[in-house]
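See structure below.
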Number of protein chains: 2
Amino acid sequence: MVSGRGPRERMVFSAAQLLRRGGVAATGMREVVAHAGAPRGSLQHYFPGGKEQLVNEAVEWGGGYAAERVGRFLAELPEPSPGALFAAMVRQWTDELASAPDATGCPVAAAVVDRAGSVESTREAAAAAFARWARPVARALTDMGVPAARAEPLATLMISTLEGALLIARAERDPRALTTAVAELGPLLDAAVAEGT
Amino acid sequence: MVSGRGPRERMVFSAAQLLRRGGVAATGMREVVAHAGAPRGSLQHYFPGGKEQLVNEAVEWGGGYAAERVGRFLAELPEPSPGALFAAMVRQWTDELASAPDATGCPVAAAVVDRAGSVESTREAAAAAFARWARPVARALTDMGVPAARAEPLATLMISTLEGALLIARAERDPRALTTAVAELGPLLDAAVAEGT
DNA sequence: GTACTACTATGACAGCGGTCATAATCGCGG
DNA sequence: CCGCGATTATGACCGCTGTCATAGTAGTAC
């Protein structure tokens with residue numbers, strides 16, 4: 001069960017949560033309602049666009065959540081550096097993976113795999129979510145001294161590697177791929193700062 | 001329609017192909033049969049384990065295919081280097097993405113997203129597929145002069161980044177994330193060779 | 001020809017999914 | 001109390017899915 005402001009928000013949140021587990025098709029509307037502790041009738045009311053709309057909003061929520069976390073990580077870093085930021089981002093996933101291995105997927109990735117080829121609006125929502133996530137990362141990199149021209153590519157690289165490593169980690173039920181990503185990519189990211197000075 | 005040796009092989013191949021499009025749940029058994037041009041009755045005969053078995057074999061096939069491609073890439077490289085290998089691996093995806101944007105996902109990724117949390121055997125099949133894919137990559141790296149201790153981590157990194165970038169590229173309907181991955185990761189990979197000399 | 005195995009054909013079934021139609025209730029201004 | 005929009009309740013519908021039961025055909029060994 002999920003607490004939150006209104007039934008609408010809870011349903012979006014629950015949808016995102018369930019997407020992470022088993023993807024879009026495996027997530028039923030009735031299941032979302034139950035998970036959110038929301039009235040079933042509210043589905044029709046708040047999401048006249050049906051499942052497509054609900055999924056899209058869940059994806060959007062996911063992108064916003066990830067973006068917001070970046071800011072939080074930055075605030076908590078003892079001494080900021082691209083590698084340290086990346087490590088913090090990855091760490092969240094290893095932690096979740098340790099406590100709930102079966103439920104720790106990325107809702108945006110799920111939407112891409114299940115719907116990118118068939119539902120345009122969902123594909124766009126996913127692209128927007130990734131972009132929204134990358135923006136604060138790129139900005140943080142420039143603030144740390146990474147040359148402006150490389151900030152955006154490196155931000156994309158960080159998210160790419162994170163997503164892929166997460167996929168492998170889920171398959172292996174082992175955070176190995178994630179920790180490897182940090183170990184190998186961290187130095188590269190930090191080196192980009194030096195080039196900017 | 002698909003040509004191949006026996007109906008059995010064709011069905012596995014078709015399953016993998018359809019998995020790439022819309023994931024596991026969106027891929028129906030009847031659809032696989034039709035795509036393979038195979039007799040429906042053969043499903044029961046060759047896959048008594050049902051959809052689970054078919055999906056697992058499709059995932060295994062995907063892993064084998066990826067592994068085999070690595071060998072082919074190596075043979076075709078004018079002057080081998082880790083970065084060049086990575087570029088070749090990525091290039092295959094950008095090409096496919098250009099010709100069939102909606103059908104160019106990774107079947108293994110699809111299996112992870114849709115089934116890793118619910119079907120153990122499929123999760124294991126996915127992990128095995130990734131491992132099978134990484135093995136020839138790691139071996140190629142050592143052959144190129146990468147220190148043995150870093151070969152495997154770097155192979156994992158390459159596949160992680162590739163998978164993640166592919167996800168983003170599909171969402172954006174644009175190979176940007178993939179080309180970025182090559183541009184940013186290539187130098188890092190090549191630098192690992194220098195450290196080995 | 002007979003028997004036996006490999007393979008194929010087909011129809012049914014039970015379940016679940018998203019969606020819709022319809023109606024009830026709630027909260028509040030007048 | 002009345003009206004009215006916002007919300008919720010519920011049941012039905014139809015399509016699809018994986019699976020199974022049953023029966024048919026093909027090919028081969030004897």
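Within every chain, numbering begins at 1; the chains are lettered A, B, ... in the order of the sequence lines, protein sequences first and strands thereafter. Computed from a predicted model, the values in this text were never measured in an experiment. Because only heavy atoms are used, hydrogens play no part in the values below, and waters and symmetry mates are left out as well, while side chains stay in.
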Inset, instruction - Among the candidates C:dT19, D:dT8, D:dT19, find the nucleotide nearest to the side-chain atoms of A:P39. - result: D:dT8

Legend entry - Full working for side-chain hydrogen bond (donor to acceptor under 3.5 Å, both in side chains) between A:S42 and A:R8: CA-CA 8 Å; A:S42 296; A:R8 214 203 121 98; over 6 Å; no

Legend entry - Minimum heavy-atom distance A:E96-A:T104, with the two atoms named: O-OG1, 3.1 Å

Legend entry - Side chain A:R8 and base D:dT7 donor-acceptor under 3.5 Å: no

Legend entry - Under-4.0 Å side-chain N/O to phosphate OP1/OP2 contact, A:S42 with D:dT7: no

Inset, instruction - Rounded off to whole Å, could you give me the CG-to-P distance for the A:L43 and C:dG18 pair? - result: 9 Å

Legend entry - Side chain of A:K51 (C-beta onward), nearest among C:dG17, D:dT19, D:dT22: C:dG17

Legend entry - Comparing A:Y46 and B:V24 on DNA chain D - which has the more 5′ nearest nucleotide: A:Y46

Inset, instruction - May I have the distance from A:M11 (atom CE) to C:dG18 (atom P), rounded to whole angstrom? - result: 14 Å

Legend entry - Separation of C:dT19 C1' from A:E52 CD (nearest whole Å): 14 Å

Legend entry - Base D:dT7 to side chain A:R40, donor-acceptor N/O within 3.5 Å cut-off: no

Inset, instruction - Please state how far atom CZ in A:F47 lies from atom P in C:dC20, giving the value in whole angstrom units. - result: 15 Å

Legend entry - Nearest to side-chain heavy atoms of B:Q44, which nucleotide of C:dT8, D:dA21, D:dT10: D:dA21

Inset, instruction - Report the distance from atom CZ of B:R30 to atom C1' of C:dA9, rounded to the nearest whole Å. - result: 13 Å

Legend entry - pair B:M158-A:E184: side-chain heavy atoms closer than 4.5 Å: no

Legend entry - Distance below 4.0 Å between A:H45 side-chain N/O and D:dT8 OP1 or OP2: no

Legend entry - Separation of atom CE in A:M29 from atom P in C:dT19, rounded to whole Å: 6 Å

Inset, instruction - Would you confirm whether B:D174, through its side chain, and B:A169, through its main-chain N or O, come within 3.5 Å as a donor-acceptor pair? - result: no

Legend entry - Identified side-chain contact (heavy atoms from CB on, under 4.5 Å) counterpart of A:L178 within the set A:L97, A:I168, A:T161: A:L97

